[in-house]
Protein chains: 2
Amino acid sequence: MKDNPAFDLEDFMPYLLNQAADATSRGFEAYYKSRYGMLRTEWRVVFHLGRYGEMTAKDICARSRIHKTKVSRAVQALEDKKHLKRTQSPVDRRHEHLGLTASGKRVFEDLYQEAARFDAAMMAEFTPAEQAQLRSFLSRIAGF
Amino acid sequence: MKDNPAFDLEDFMPYLLNQAADATSRGFEAYYKSRYGMLRTEWRVVFHLGRYGEMTAKDICARSRIHKTKVSRAVQALEDKKHLKRTQSPVDRRHEHLGLTASGKRVFEDLYQEAARFDAAMMAEFTPAEQAQLRSFLSRIAGF
DNA sequence: CAATAGTAGTTGCTTTTGTAACTAACAAGG
DNA sequence: CCTTGTTAGTTACAAAAGCAACTACTATTG
């Protein structure tokens, strides 16, 4: 956006980012929603546990930037769906170690593959160099 | 994201976009929220009316990709705050022409300036060439 | 070994969003 | 005119997010 000339909402970076994020999230969201009745936070929790192994809710919060109440509710929902099991730590009973059940692991595998396909399809119209650059830009903005 | 190697959530484009969008939205959102008690949709409605002049709710929906119920509620809220006035069209009484009041125009001017400053500050760490490229990438993804 | 403070996770309540059904107004055909 | 269809905008209800207070537990300090 330049200094003087009139600018449109499409020139405003937060708006542009939100539109792009919305556009790309819809498709994949539809997948895990229709197929497993999962919410976005649930998918993210499954991802973290499937990708990095057992951890506590606190760990998930730290890694994912999701607020603890959202994690708490997602864990509850995943437990209800039998995709996740909790084990209270004998050392410190405030901690619960979270892990995927066999069913949860199958869900993770499926979503992980689908995410890869989805990402690839979405990025197909960009050259590899463009993709790398875009990812780098976004990482900088997101603070990774 | 490559084909075989393990990838992290930060490599998944929808996630990356959402994180970047969140990160950049927070700051500006805090501004119009604390200063004018406005929601994001209200800011967008003000923007459209301030930037392009009078139009109907339908027009705003078409331009902004916001659902009509959200627009309807934002218009109501802005009217309550005396930032917006509606005029029923004498030609077709289903249409209402929406316009900013004097107070609404002041709000728009302030937010417009602030948006420009905010965008500039955020993009300052990118070179002009990088900025152009980033905007172009995002426009393509968002479908503009 | 109280008393205080801090941490992990949950619950309750309020705000916001999403979806679908609804009202009111116009349009067109018979 | 009267059906039938369409459009602009609203409302009602359910799903989800945000925030603050709460419970249960552990750590620290005097």
Side-chain angles (χ1 to χ4, degrees), chain A residues 18-19 21-23 25-27 29-30 32-34 36-45 48-49 54-81 84-99, chain B residues 15 18-19 21-23 25-27 29-30 32-34 36-46 48-49 54-81 84-99:
Chain A
N18 270 297
Q19 291 294 314
D22 276 6
S25 293
R26 298 286 169 208
E29 186 170 41
Y32 55 70
K33 197 168 184 177
S34 68
Y36 300 108
M38 282 169 55
L39 253 30
R40 191 184 308 184
T41 308
E42 294 171 51
W43 142 243
R44 288 193 190 166
V45 167
H48 281 279
L49 296 176
E54 293 212 346
M55 62 179 79
T56 68
K58 188 74 198 297
D59 296 331
I60 296 178
C61 291
R63 297 193 86 117
S64 69
R65 303 172 165 192
I66 306 174
H67 193 269
K68 61 181 181 170
T69 64
K70 279 172 83 172
V71 170
S72 173
R73 283 168 177 138
V75 165
Q76 185 64 56
L78 289 168
E79 192 182 34
D80 293 347
K81 289 173 192 126
L84 177 151
K85 62 181 184 308
R86 346 186 179 206
T87 333
Q88 207 176 43
S89 160
V91 182
D92 184 336
R93 277 176 300 172
R94 285 172 306 182
H95 295 72
E96 9 182 69
H97 297 291
L98 308 173
Chain B
Y15 179 78
N18 270 297
Q19 291 294 314
D22 276 5
S25 293
R26 298 289 170 205
E29 186 170 41
Y32 55 70
K33 198 168 184 176
S34 68
Y36 301 108
M38 282 168 55
L39 254 28
R40 191 183 310 184
T41 308
E42 294 171 50
W43 141 243
R44 288 193 191 166
V45 167
V46 165
H48 281 278
L49 296 176
E54 291 213 347
M55 62 179 78
T56 68
K58 188 75 199 298
D59 296 331
I60 296 179
C61 291
R63 298 193 86 116
S64 69
R65 301 173 166 193
I66 306 174
H67 193 269
K68 61 180 181 170
T69 64
K70 280 172 84 171
V71 170
S72 173
R73 290 192 260 243
V75 165
Q76 184 64 55
L78 288 168
E79 193 182 33
D80 292 347
K81 290 174 191 122
L84 177 151
K85 61 181 184 308
R86 348 186 178 203
T87 334
Q88 209 176 40
S89 161
V91 183
D92 184 336
R93 278 176 300 172
R94 285 171 306 181
H95 295 72
E96 9 182 69
H97 296 291
L98 308 173

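Proteins get letters first, then strands, A, B, ... in listed order; numbering begins at 1 in each. Only this structure's heavy atoms are used, side chains among them; waters, hydrogens and symmetry mates stay out. Because the structure is a prediction, the values reported are computed rather than measured.
- At C:dA8, none of the side-chain N or O atoms of A:Arg86 fall inside 4.0 Å of OP1 or OP2 (strictly under the cut-off).
- Here the side chains of B:Leu84 and B:Val46 are not in contact, with every heavy-atom distance at 4.5 Å or above.
- Atoms NE2 and CZ, from B:His95 and B:Arg86 in turn, are 14.5 Å apart once rounded to the nearest 0.5 Å.
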Nucleotide N/O to protein N/O under 3.5 Å, stretch nucleotides 4-7 of chain D:
from  : atom 1 : to      : atom 2 : distance (Å)
D:dT7 : O2     : B:Arg94 : NH1    : 3.0

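- Closest of all the heavy-atom pairs between A:Gln19 and B:Ser64 is NE2-O, 4.3 Å.
- Residue A:Ser72 places at least one side-chain N or O under 4.0 Å from the OP1 or OP2 atom of C:dT10.
- Residue A:Asp59 contributes atom CG, which lies 15 Å from atom P of C:dT7 at whole-angstrom precision.
- With rounding to the nearest 0.5 angstrom, the NE2 atom of B:His67 is 8.0 Å from the SG atom of B:Cys61.
- Put simply, CD on A:Glu29 is 15 Å from P on C:dT17, counting in whole angstrom units.
- The CH2 atom of A:Trp43 lies 12.5 Å from the CD atom of A:Glu29; values are rounded to the nearest 0.5 Å.
- D:dT10 atom P lies 7 Å from atom CD of B:Gln76, rounded to whole Å.
- Minimum heavy-atom separation, A:Ser25 to A:Arg40: CB-NH2, 4.1 Å.
- B:Arg73 places none of its side-chain heavy atoms less than 4.5 Å from the side chain of B:Lys70.
- With the end axes of the helix from C:dC1-D:dG30 to C:dG30-D:dC1 each set by five pairs, the angle from one to the other reads 10° at 10° resolution.
- Spacing between atom CD of B:Glu96 and atom P of C:dT23 amounts to 18 Å, rounded to whole angstrom units.
- Between the NE2 atom of B:His48 and the CZ atom of B:Arg63 there is a distance of 7.0 Å, given to the nearest 0.5 Å.
- Between atom CZ of residue B:Arg94 and atom CD of residue B:Gln88 there is a gap of 11.5 Å, rounded to the nearest 0.5 Å.
- The nearest whole Å value for the distance from the NE2 atom in A:His97 to the C1' atom in C:dG9 is 14 Å.
- Annotation for B:Leu98 and B:Ala57: closest pair CD1-N, 3.7 Å, computed over non-hydrogen atoms.
- Between the CE atom of A:Met38 and the CG atom of A:Leu78 there is a distance of 5.5 Å, given to the nearest 0.5 Å.
- Distance B:Leu78 CG to D:dG9 C1': 16 Å, rounded to the nearest Å.
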Between the protein and nucleotides 13-22 of chain D, which nitrogen or oxygen pairs are less than 3.5 angstrom apart?
from   : atom 1 : to      : atom 2 : distance (Å)
D:dG18 : O6     : A:Arg73 : NH1    : 3.4

